[in-house]
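Read through the structure below, which is laid out as structure tokens, and then see the notes.
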Amino acid sequence: MAATQVVRSEWTKIRSVASTVWTLSLAAVVTIALGMLISALSKNEFGSMGPRERLSFDPTFVSFAGMTLGQLAMIVFGVLVVSNEYSTGMIRTSLAAVPRRGAFLASKVAVATGLALVVGMATGFAAFFLGQAMLGPQLRTTLDAPGVLRAVVGGGLYMTLIAVFSMGVAVMLRSPMLSLGVLMPFFFLVSNILANVSATRKVGQYLPDQAGSRIMRVLPRVGDDTPYGPWGGLGIMVLWVIAALAGGYALLRRRDA
Amino acid sequence: MIEAVGLTKRYGDKTAVYNLSFQVRPGAVTGFLGPNGSGKSTTMRMILGLDNPSAGTVTIGGHPYGKLPNAPRQVGALLDAKAVHGGRSARNHLLSLAQLSGIPARRVDEVLGVVGLQEVAKRRSKGFSLGMGQRLGIAAALLGDPQVLLFDEPVNGLDPEGILWVRNLMKALAAEGRTVFVSSHLMSEMALTADHLIVIGRGQLLADMSVTDFISANSADFARVRTPGTEPQQREKLTSALTEAGGHVLPEPDGALRVTGLPLPRISDLAHEADVRLWELSPHRASLEEAYMRMTQGAVDYRSTIDQKAGLMQPLPPGAQPPVQVPGQGQPGWYAPPPPQQGGQPFAPPQPPAPGQAPYGGAPQPYGAPGAVNPYAQPVPPAPAQPSAAPAAPAAPAAPENSAPTKSEDAR
């Protein structure tokens, strides 16, 4: 069985359910709209900021402020793509048709990742340009400024990797409710708390979203002591994603469908 | 050709399938029978490589399923009709399966026509009835024009026309030389469809033989004997005479006797000697369904008990007798009730016995008429006996109009 056949089949599956369109468009709209709002607020606030804050003001990162909420929709997309198969029982039909489970998982993740990458990149660039427009001529930066293009492309990659990580977790957990119940609070609350409380910062900064979001910063935070750079952080996130997918594959291969 | 050798599946400490060995040959419909939870679906899943056997192997055409080249073109399966994403249209569901094995989209429209779903092909399968879902599952199994077909309970939820269609489809597929393996818990359906039977109970093989062999090996002959309904003591007399002569006597729901172990002339002679008149003495052959039930009754996992209705029972009116216990499921010596055409009325409407009258009726009643007392039914207490009991009213209209018209009207 050619891999292209499985990929084509997965593409038919993903385009023929409404949840794909809803979650991906929600991710884009929330990220862009919230980024614009925070950018507009920052413009008004800038005058009242202290000199330290002004010095480290990062217009690129501000326009990505909507990512904290937008990533949640990406998580839902990643979870639903995988756990739809389990919650409907379709997984048995799928695995009966594709006895090689590795090929099945790889095709499914590849198709969903491709789609997430397209949406993530478009969202990243749109959030950047619209956010800069909101910041106004005084504060805004441009794509050709040092590190900005890297940050914008990194924003798109970050959204994609969050979705892929969710897919891996969903393969392991199977149930959509359980997967969302673990991932949503973790990325919305737990990881932020762990990374900002001084006692747990040493560990928390290695969590996938904390490490991965470093790439969206053009200017490091004041007093930033993270031991990795922008690409190093993204690399750490990629390792998390690989671990999630490997765990999912190991379970899928051994488990009864 | 499907071949299982020593197939065993354990879930924790529960053994779902134990040491199952069988062959499913091409060119015939092989029925796979067993009570609920006997391991039919588990076996089907192991054939398809979805569950890994704890021990033993199962192969299709000599290969384990996972090693089959382009498996969807060789094996088609209907496992669970509801295993479809409800938000996806029927056509897209089949298209995604077709693309997996390089089947052209044209074939999707073909099978949609075969199962009669072309009208709703573009509709989301969420709104499908069980029967429509079953048809969609059959379409998915037919998609690759496979030589080996597996169907798990294909007639569930289908209308009579659909059941007939599935039956003919299975036979046609087998006649084309394909291997057709159909699971069911309905013996009556399998008796009409299958050529060969594999019966399991509690995950173990009970029978592996052709349908005709199964019938001759498992269905025992018996005689139905009926004494005049006006004289219950004659019935007692005959029962003891037949038992003394070595016969095995069981009461039938309509008051007749089921006698095994004695030839018909001998029963007649014994009745004559005991001076008992007979209204009926007829030879019968247990149906395939009864044979199947007798075979699997020791292997039923989920057994119903008699509904005691504790605290819900209406007090019996004075003079009325409680219904006579007839051997039923969950009791020793249980046997299947006779099919309706043999005179039994297992689904007769509830009929209140008149006060002071024996349940088996003093008045002569026509053979098998609606007047026959149904021992399975809860007798409706005659309303006039309890004028104050309002809860009796809802029960009374449920009784057919012709059975007790005056009482029903009184109750209202």
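Just so you know, these numbers come straight off a predicted model, no measurement behind them. To find a chain, count down the sequence lines: A is the first, B the second, and so on, and within it residues start at 1.
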task = Please flag which part of Arg254(A) lies under 4.5 Å from any non-hydrogen atom of chain B: side chain, backbone, both or neither.
result = backbone
ask   = Would you say Tyr18(B) has more than 12 foreign heavy atoms packed within less than 6.0 Å of its OH?
value = no
inquiry  = Using side chain to side chain contact (heavy atoms under 4.5 Å, CB included), reason through Leu97(B) and Thr93(A) one step at a time and then give a plain yes or no.
reply    = CA-CA 8 Å; Leu97(B) 294 176; Thr93(A) 317; 3.8 Å; yes
query = Taking atom CG of Leu50(B) and atom CG of Asp256(A), what is their separation to the nearest 0.5 Å?
reply = 8.5 Å
message = Does atom CZ (Arg8(A)) have a neighbourhood of more than 12 heavy atoms from anything else shown, all under 6.0 Å?
response = no
task = Pick one of side chain, backbone, both or neither for Arg73(B), based on which atoms fall under 4.5 Å of a heavy atom in chain A.
result = neither
task = Answer with side chain, backbone, both or neither: which region of Arg45(B) has an atom nearer than 4.5 Å to a non-hydrogen atom of chain A?
result = side chain
ask   = Any side-chain heavy atom of Val6(A) within less than 4.5 Å of one from Leu100(B)?
value = yes
query = Measuring heavy-atom distances to chain A, does Asp80(B) have an atom under 4.5 Å in its side chain, in its backbone, in both, or in neither?
reply = side chain
ask   = Is atom NZ of Lys82(B) surrounded by more than 12 heavy atoms (other residues, nucleotides or ligands) closer than 6.0 Å?
value = no
inquiry  = Show the nearest heavy-atom pair for residues Ser9(A) and Gln99(B), with the distance to one decimal.
reply    = CA-OE1, 3.4 Å
ask   = At a heavy-atom separation under 4.5 Å, does Arg255(A) approach chain B through its side chain, its backbone, both, or neither?
value = backbone
message = Looking at chain A, which one of Leu78(B), Leu68(B), Asp51(B) has the largest number of heavy-atom pairs inside 4.5 Å, strictly under?
response = Asp51(B)
task = Quick one: which of Gly102(B), Pro69(B), Ala98(B) has the most heavy-atom pairs under 4.5 Å with chain A, could you say?
result = Gly102(B)
Sidechain-backbone polar pair: Tyr65(B) side chain, Pro99(A) backbone, donor-acceptor under 3.5 Å = no
ask   = Can you list every ring-ring contact (aromatic ring centres under 6.0 Å, His included) pair that touches residues 160-191 of chain A, not counting sequence neighbours?
value = Phe165(A)-Phe187(A)
query = Roughly how far, to the nearest 0.5 Å, is CE of Met90(A) from OG of Ser96(B)?
reply = 4.0 Å
task = For the pair Arg92(A) (side chain) and Ala83(B) (backbone), establish whether a donor and an acceptor sit closer than 3.5 Å, ignoring hydrogens and angles.
result = no
ask   = For atom CE of Met1(B), is the number of surrounding heavy atoms from other residues, nucleotides or ligands below 6.0 Å larger than 12?
value = yes
message = Counting only heavy atoms from other residues, nucleotides and ligands, does the tally under 6.0 Å from CZ of Arg15(A) exceed 12?
response = yes
note = The reported gap from CZ in Arg88(B) to OG1 in Thr12(A) (rounded to nearest 0.5 angstrom) is 9.0 Å
request  = Look up atom OG in Ser87(A) and atom NE2 in His85(B), then write down how far apart they are to the nearest 0.5 Å.
outcome  = 6.5 Å
request  = Would you mind checking which part of Lys126(B) comes under 4.5 Å of any heavy atom in chain A, side chain (CB onward), backbone (N, CA, C, O), both or neither?
outcome  = neither
